[in-house]
Structure formats: C-alpha cells, structure tokens
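Structure, as structure tokens:
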Amino acid sequence: MRTEEILAAIGTGLWSWDSSSGTVSLDAEAARLLGLPAEPVVRPGEEVRPRFHPADWEEIDGVVNFAISEDTVAEARMRIVDENGRVVRTVRTRSKPVPVDSPGSHTYVLMGILQEIAQPPETIASHTPLTGDWRRSREAFLLDAGRALAEAGSTAEVLRVAGSLSMPGFSPDGLAVFGVSGDHLTVVGHHGHNVGDEKPFIDMPLETDYPAAEVVRTGQAIYLSSPEEYRKRFPATWPLARDFGRRSWAFLPLVSSGHTTGAWMAGFRHNVAFSPDERSVLTTVARMLAQALTRAGAAETERELSLGLQKAMMPSLGPGVDGMTLAARYVPTGGGLQVGGDWYDVIALPNGRIALVIGDVQGHDVRAAGLMGQLRIALRAYAAEGHRPDAVLSRASRFLSGLTDAYDHADGDGSDATRFATCLYAEADPDTGTLDIARAGHPDPVVISVDGTAVIRQTAGGLPLGIETDADYPTTRVVLGPGETIMLCTDGLIETGGHDMATGWTRLRPVLEKPAEDLEELADALVQAVHGPGSHYTTGPLVDRREDDIAVLVLRREAARTRKPPGRRSAMTIAQAEPERVAAARQQLRELLHDWADAEQVDSAELMVSEMSTNVLVHTDGDALLVAEVTGVRGERRLRVEVADASDELPHKRRPGEMASSGRGLVLMEMLADAWGVDPRGEGKSIWFELYESEDPVELGRAGS
C-alpha cells in the first residue's frame, strides 16, 4: 500500500505551496479536504486561497514567518469554507517552510500535511481566527508576547520578536520603529522590509506631514484602515507608503516613563477595521515594545560603557619586546557593568627590562574598578622610579592601605576598610630570560617547557596588598630557556565554574600542554576552557559556583632555530630560612616527570632530591640551587638533577647504623641512580644524579663516578 493511500485512510493529505511561483500542489485527499475534486492537482494560489476562511488566512502568514525565523514547523488550524462562506470542515496543517535559494528574494516552499479534525458545527464562519494555538485568548497572547519581549536582550532581538508575533485575528506584514533625535524622526529598526526601504524615513523633520511624526508630536495613535484614508489624511507622504503595497496601517506612540520616545508602525496587506479589541491589543503591544526597547537600549549603553572602561583600563601590549612575545586576555564577570578589579600591565623599565604585572582587587563593583585603576597607576609610577620587585609591592601595599582608609573616612560606613588586592610583579630580562618575581597573595605562575610540559612554579610570597603597611615581599628568580613560556593569571581562570585551585589546575593543564600555533591561540584556548561551551559540562566539585573576572598574561622567550629535541628544565633556590621548600622541590620534580614511563623511577628521583636538598641545608650555611632537566626523545629520555651550594666540604659515603638519622644520602644514590657524582667547583660543589627512561639507553652523558 502506498503512503498516500495510508494517509488518505486516516483523513490526511499532502500539500505544498511554492511562494515563488504561487502554485499549490495537492494529492487526492488534500484536494478533497479543500472541497476540490478528489484527484492530484496543481492549482494557482489565488484559486486555492478562497477555500480558507479569511480570518485564518490572515494569521497563517505570521505562523509561517515565525517558523522560517526559528527554523521550525508551522502548525495551524484552518477552516474550509464553501462558496457561500459556510464552514464545511476544519483541518490541521503541519508544514515545514523550506527556503528557496534565489539571490535577492525571500521565497520558500511550504510542504506538509492537511488532516481533518472534528469541530462543532457552524452555520456562518466566525470572525475569530483559529491560528497559533487556535483557542488562545487575547490575554494569553499578550502574556506570551510580554514574556518574549522581556527576554529580548538587544534592539535587533526586540524587533525580531515583535515581527514574529501572531496577533489574534490580525497579523502585520511589516513593522518599523521610529525614534527621535533632536527635532528629527529617525528609523531605529524595521522588520518585513527590504534593505534600503528605510532611506526616505531616516532623517525626517518632526514637522513633516507623516503619521509617525504626528504621533510623536501629539502622543496619540493613528489608525488608517484603507489606502484612501491614508491618501486623504497625509497626501504629502502618501507616495512614500504607496509602493509597499499595504492596505491598512497603525501608528502608535512608544511611551517610556511618561515620555513619548518614538513611534511604532504596523502595516497590513489586508484591510483591518481596527475594532476596539484590535486597538486594545495594539496599544498593549506598543507599551510592551516601548519597555523592551528601553531595556535593550539601556543594556546596549551599559555594554558600550563596559567596553569603554575595559579598553581604558587594559593596556595595549604594543609591538612586543625583542626576544619575547606576549599575549593577554581580560574577561569581565557577567554581572553589573561587567567591570571589576582584575587587571594586567606591561611596563617598560629604565634599565631596558620589562615588568609584567597582574592583579585582582577584591570585589566586582565600580569601587573595585576604581581602586584597580589607581593601584595600576601607582605600580607604574614605582616601577618607573627603578625600584626592584619587592620594593614596588611594598610601596603599593602602603599606597592601597592608605587609599582604602581614605575611602573609609570619606564614606563613614567602613565598607572599604578591608579592601585588599592580590598581585604578581615580575621583572623580565629579554636577553637572559630571567624573571625576578615578587608575589602578594597571588596564584603562582605556570612555566611551560619547550616540549609542552606545564609545571606550577612555586615562588615565595607575602600578604595581599593593603593588609599591612610594612609587608615584606621576597623575590624568586625564574629562568626561561629559549622557547619556554610563562603564564600568569588571576584566580578567576582557575576557580570559575565551581572549581578550587586543585581541580581548576587539573582542568587547565591539558589546555596549556596542547600544541598551539602562537600565544594568541593559547590565550584564547585558556578562556574557552573556562567560558566556552564545554565548560558547562566540567563544573567543579564546590557547592558554591563562584564566578569571577579573568585576567591572563602569557610570555614566551623566543627560541633559536635548532634540530635539537625539545627538553624541559626547572630550577629553584632552597633557602636556609625556608626548609619547607624541600617539599616544594619534590612536588615540582613530580610534575616535571608526570609522563615518565616508570613510576618507581619517579619515586626514586623524589626520594633522592629530598635527601640531597636536606643534606645541603643541614651540613652547610648557605642556600642551595636545584636544577632538574629532562632531555632526549620520549622513551629514551635522561633526567639529570643537580643541587649546588657554596660549601667546599664534600660528602662522604658511610654505612649508617640501623638507628642512625643521617648518612644514607650517597648510599641511596648509589642504589637508585643510573649515574651520580659529586663535582667540586670554584666556590662550592655540585651533587648530581641521572636516571634513564629506557632499560638500554643510548649514550646521553657520562657514567657515574
């Protein structure tokens, strides 16, 4: 049995309407439902249209236009009438408008089904249309319209929603919104018109004899139910409206806060009597449209203000620095003016170096943005005076503390007495790749080696700025090798989406280690990991979803062209006064070896680093420098770790007793390392060991001594 026969058995026919040719194709059942002979037929549209009730036909245009704009199915109920206007049956249609590719046209083919449905008997066709959801009251329509307009976030979106509204009983073919600029009428936007149609109305004096201008002048609506009435009342501007081919017009004032801010024009291709009910619906829609346009305008103004503030507060990175490349991003939080306390800066220093600054003032309001702007200027001033990183942050902390006290005394409410800021200040030398970093309660930087391994570089730090007037900020030196990258960020990049520092780092690490064409691509990828589509499915474990501003600053030391396989390297100082740095060294080594083949070798390396570092702190008087380096291709790599100090006393291998608390360091290295040694230097010594990733490595260095 054919599909058509099955559909006919359940009272369903197939039809299509080609808007370009104006023809309607019907199968036998669809023709029967429309009161035509029950046989497949192709008829001109003007012959088929009288078969539908006029009130329903007026509504179907709005349903189809909405389906086109939303790319969905048009659903409608339509009454079929005979030659005398009597309703013979009611059909339901579900049709899909398929656009026809034709340059410069807006044509479509409406394809779907017609199905007869049970309907109470009627003798004369009612004036009430059945389209939309067919029994929707005027109040329900206005509720839907108000909800849709309230959700529109821009002027263009408001116009699109207004143009897709299917009013009960009558739907406009096109609309235009007029605004006022001085003593002239302007076109805010239009829907249902071709591009360029608005040109005659763009700059029209309010004294013009035009309906929209009169509505703005008087605040009273104008209803024109026929072309004759339009021509009679407004003969001067009738030629402008004549070419649009409409039969009725409604011009209504747009009133906001008691003031007429513009006019709304709704044009109809059929005659509309504008009954009291119809005028009531149009007036209510005009009020909602005015409110929606006011909200959208305020939101757009707010966005422009936010962008202006953001551009004013965020510096330009300029052409860059010889030997280094930079990229930066700033993403404001979603609320309020979309400005907050996060910032970054790049400062040219008197000694030829550059300073990288990134920070976060507490809060996401205008006061936070104001404090941030003043603090940024102060940091620039201290840096320009030639102070070292620790001195710059100490002065900035004193400045912010005094600034918040001043705000407190001025306001008298204590609201800003506890404002503080986190900050990381790094002085970079483009020639050597060294960065001297001072940190005030800010997240540690991340160093990405040439082979893509990302490691959190733990640095010494002090209290956030503004808490203590005489805070101390120790400096840590980080050396970037050729091709290595350092990433500085605010906590918003890590903790946004319900993450804490640990889970946020787990989320970002694959992004940092993924190969990128340049730093711009890397910066975009970091933001996308937090705010992109996938971020909604990777929320963190915290119950409180915390949203925050984001600032990111990425710097890369340019690499020389070489065929040498990329390696990874990490260096850190272990000070006598900071024995807890031994734990940081172990953690840093473990991150450096995150993809090492043998987990037992990683444990061994961590144990030997702990023994070597502790031995230096216990048996010498100075600080120790730890350097860990991985070279070679994956599967045949070499790890070399050196711990150097200024003492000339060489360690000796001993056989400690069972209860001894020392003497095991060299014994462990002899047992666990593939190669190890102790090298005297001009001033001091270096203890080192090597581990090979493969069981039979190629010759990568000297054997142990």
### Message
With side-chain hydrogen bond (donor to acceptor under 3.5 Å, both in side chains) as the rule and sequence neighbours excluded, what pairs involving residues 204-213 come up?
### Response
none

## Note on the structure
The residue among Val285, Leu293, Val188 that forms side-chain contact (heavy atoms from CB on, under 4.5 Å) with Trp264 is Val285

### Message
Any non-hydrogen side-chain atom of Leu14 less than 4.5 Å from a side-chain atom of Ile113?
### Response
yes

### Query
Does a side-chain heavy-atom distance below 4.5 Å link Pro227 with Trp238?
yes

### Query
Is Arg507 salt-bridged to Glu495, cutoff N-O under 4.0 Å?
no

### Task
Check whether any side-chain N or O of Ser19 sits under 3.5 Å from a backbone N or O of Tyr108 as a donor-acceptor pair, and report yes or no.
yes

### Query
Is the shortest distance from a Lys or Arg side-chain nitrogen in Arg509 or Glu513 to a carboxylate oxygen in the other one below 4.0 Å?
yes

### Task
Measure the shortest side-chain to side-chain distance between Val331 and Asp342 over non-hydrogen atoms and say whether it is less than 4.5 angstrom.
no

### Message
Surrounding CZ of Arg94 (heavy atoms of other residues, nucleotides or ligands, distance under 6.0 Å), is the total greater than 12?
### Response
no

### Query
Angle class for the Trp15/Phe52 ring planes (parallel below 30°, perpendicular above 60°, tilted otherwise)?
tilted

### Query
Are Arg51 and Arg43 side-chain neighbours, meaning at least one heavy-atom pair lies under 4.5 Å?
no

### Message
Counting C-beta onward and ignoring hydrogens, is there a side-chain heavy-atom pair between Leu114 and Leu34 closer than 4.5 Å?
### Response
yes

### Query
Between Glu521 and Lys514, does at least one N-O distance fall below 4.0 Å, as a salt bridge requires?
no

#### Entry: Those residues that, when tested against Glu46, pass side-chain contact (heavy atoms from CB on, under 4.5 Å) (two or more places apart)
Pro44

